[in-house]
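Step one of this worksheet: look at the structure below.
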2 protein chains.
Amino acid sequence: MAAGKPDTRQALLKAAVKLFGEAGFDATSTREIAREANANISAISYHFGGKDKLRLACAEYVAERLARVAARPQDQPQPRTPQQAAIALEKLVSNLVEALLSQPGAPELAQFVLREIARPGEVLDLVFPRFLAPAHQRACDLWALATGEGPESPAVRLAVFSILGQVVYFRLGQALVCKRMGWNEFGPEQIRAIEDSILGNLRVALATTSKGSEQ
Amino acid sequence: MAAGKPDTRQALLKAAVKLFGEAGFDATSTREIAREANANISAISYHFGGKDKLRLACAEYVAERLARVAARPQDQPQPRTPQQAAIALEKLVSNLVEALLSQPGAPELAQFVLREIARPGEVLDLVFPRFLAPAHQRACDLWALATGEGPESPAVRLAVFSILGQVVYFRLGQALVCKRMGWNEFGPEQIRAIEDSILGNLRVALATTSKGSEQ
DNA sequence: GTCTATAAACAGATAGAC
DNA sequence: GTCTATCTGTTTATAGAC
């Protein structure tokens with residue numbers, strides 16, 4: 001945000017997020033990043049101070065962008081009844097399926113985060129409070145409203161992880177799932193089947209946990 | 001299985017599986033592997049023909065060992081009734097939780113496979129038919145028996161992926177889950193909570209899918 | 001801010017003595 | 001089968017001209 005050609009920095013960031021997400025940090029060389037960004041290798045040292053610091057800058061960039069998406073004015077009015085909350089939760093899961101499974105390459109931001117979720121570190125420390133925790137919190141609130149459980153209950157938090165984790169798993173295990181299902185790829189038809197399965201799990205979990213039908 | 005000191009090859013395999021599982025293929029150098037195995041760097045070329053072929057040899061090794069574990073005489077008699085099948089499925093999930101979450105480092109074999117599951121390639125091609133597909137098939141058979149659905153039905157296969165995927169997710173997302181739950185680690189108490197949650201999901205899914213209570 | 005040129009460390013692989 | 005020594009290419013990082 002100073003002078004000259006300020007979009008080289010930005011181009012490097014976008015290129016790094018993309019390549020780190022696709023192949024991983026270690027498998028991506030600074031040369032590839034510079035080439036992808038149509039920039040010079042030494043621009044990385046100049047703008048960020050090295051490959052490691054570029055990774056952190058990617059985390060900042062991703063966290064900031066995801067937080068902005070997550071905080072945008074709600075598409076739906078705030079749910080008030082358990083039924084509305086259940087519907088909002090289904091919508092949330094559908095959106096996640098759309099975001100993670102629909103696009104062939106999946107949004108670069110998501111893929112970058114998915115890689116870093118698997119390993120504790122500074123990147124996770126950065127993305128967690130700004131995006132992951134608030135997003136999970138919102139899902140927990142919906143779940144609590146839908147079932148009558150306490151929003152801070154560990155059981156609710158784990159249940160939400162289970163549901164969201166299913167989507168993440170189908171993304172990560174895509175190759176395995178395709179082989180086992182006899183699919184060539186995740187096409188629209190396949191994604192609908194997966195979404196139906198996960199939404200079904202969500203519905204029965206909500207139904208059997210709801211106050212009244214409690215065990 | 002020839003002459004000399006046949007356990008250098010074995011030591012290299014075990015070291016490579018461990019390090020590839022911990023840090024990933026790209027982040028692990030042949031020098032580290034040799035050091036971990038108390039062997040010489042050039043032993044890798046001699047025994048396997050290079051780093052890439054060592055990776056494949058790891059896949060063979062892992063597939064063979066996992067297949068042996070999976071094929072060992074059933075602890076339980078073959079389930080005959082839906083109730084027995086449901087119990088056997090719960091046991092299967094418990095075992096997976098135990099295998100993936102209990103040990104701090106998780107069995108090296110599992111961690112190696114988890115890394116490779118995320119990316120299509122020769123390793124997956126090797127481990128899939130020898131272990132992953134049969135294991136998934138067995139779970140599908142149990143599910144079908146427990147619910148009355150067809151064992152080859154896509155819905156059953158996806159449902160089984162959903163359940164097993166939850167366990168995988170809690171392993172991969174361990175750091176994230178800990179942060180969000182306010183845990184320091186996956187201790188016995190925490191693992192029990194996770195297992196309860198997943199088993200609960202399994203039970204309600206089986207119950208609501210069973211013939212008779214079908215929607 | 002961007003470039004070329006190059007340094008310094010490291011990667012994986014191999015030749016050849018033992 | 002195992003070792004030392006070394007080759008070759010690539011990595012990240014930096015110095016210095018423009």
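Protein chains get the first letters and strands the later ones, always in sequence-line order, with residue 1 at the start of each. Hydrogens, waters and symmetry mates are skipped; everything else that's a heavy atom, side chains included, is used.
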Apply salt bridge (charged side-chain N to carboxylate O under 4.0 Å, His left out) to A/Arg130 and A/Glu64, showing your working. CA-CA 7 Å; A/Arg130 295 210 216 167; A/Glu64 198 267 331; over 6 Å; no

Would A/Arg55 and A/Glu116 count as a salt bridge (charged side-chain N to carboxylate O under 4.0 Å, His left out) if you check the C-alpha gap in whole Å, the side-chain angles of each, and the deciding distance to 0.1 Å? CA-CA 11 Å; A/Arg55 180 195 213 151; A/Glu116 298 286 347; 3.2 Å; yes

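Taking atom CZ of residue B/Phe48 and atom P of nucleotide D/dG1, one finds them 11 Å apart after rounding to whole Å. If you measure from atom CD1 of B/Ile44 to atom C1' of D/dG1, you get 15 Å, rounded to the nearest angstrom. Put simply, CZ on A/Arg35 is 19 Å from C1' on C/dT2, counting in whole angstrom units. We find that CG of B/Asp7 is positioned 13 Å from C1' of D/dT2, with the value rounded to whole Å. Atom pair A/Gln10:CD and C/dG1:P shows a separation of 13 Å (rounding to whole Å applied). When rounded to the nearest whole Å, the span between OH of A/Tyr46 and P of C/dC3 equals 12 Å.
Stacking of A/Lys179 on the aromatic ring of B/Phe128 is recorded, both the 6.0 Å distance cut-off and the 45° axial limit being met.
To the nearest 0.5 Å, atoms OG (A/Ser94) and CG (A/Leu89) are separated by 10.5 Å. Note that NE2 of A/His136 is 12.0 Å distant from CZ of A/Phe131, once rounded to the nearest 0.5 Å.
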Using a 3.5 Å limit on both pairing distances, list the dot-bracket string of DNA chain C from the 5' end; Watson-Crick and G-U wobble pairs count, crossing pairs take [ ], interstrand pairs take |. ||||||||||.|||||||

Hey, what are the protein-to-nucleotides 6-12 of chain C N/O distances that come in under 3.5 Å?
residue, atom, partner, partner atom, Å
C/dG12, OP1, B/Lys51, NZ, 2.8
C/dG12, OP2, B/Thr30, N, 2.7
C/dG12, OP2, B/Thr30, OG1, 2.8
C/dG12, N7, B/Arg31, NH1, 3.0
C/dG12, O6, B/Arg31, NH2, 3.3

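Aromatic pair B/Tyr169/A/Tyr169: ring centres not closer than 6.0 Å.
Distances were taken from every side-chain heavy atom of A/Ser42 (C-beta onward) to each of D/dC3, D/dA13, C/dT4; the shortest belongs to C/dT4. Set against C/dT2, C/dT14, C/dT4, the side chain of A/Thr8 has C/dT2 as its closest nucleotide.
Distances shown here put every side-chain N or O of A/Asn40 at or beyond 4.0 Å from the OP1 or OP2 atom of C/dG1.
Taking all atoms of both residues into account, the shortest heavy-atom contact from B/Thr28 to B/Lys51 is O-NZ, 2.7 Å.
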I'd like a table of donor-acceptor pairs (distance under 3.5 Å, sequence neighbours excluded) in which one partner is a side-chain atom from residues 154-162 of chain A, with atom names and distances.
residue, atom, partner, partner atom, Å
A/Arg157, NH1, B/Arg180, O, 2.9
A/Arg157, NH2, A/Glu152, OE1, 2.7
A/Ser162, OG, A/Leu158, O, 3.4
A/Ser162, OG, B/Gln166, OE1, 3.2
A/Ser162, OG, B/Asn201, ND2, 3.4

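Taking 4.0 Å as the cut-off between side-chain N and carboxylate O, A/Arg203 and A/Glu90 count as a salt-bridged pair.
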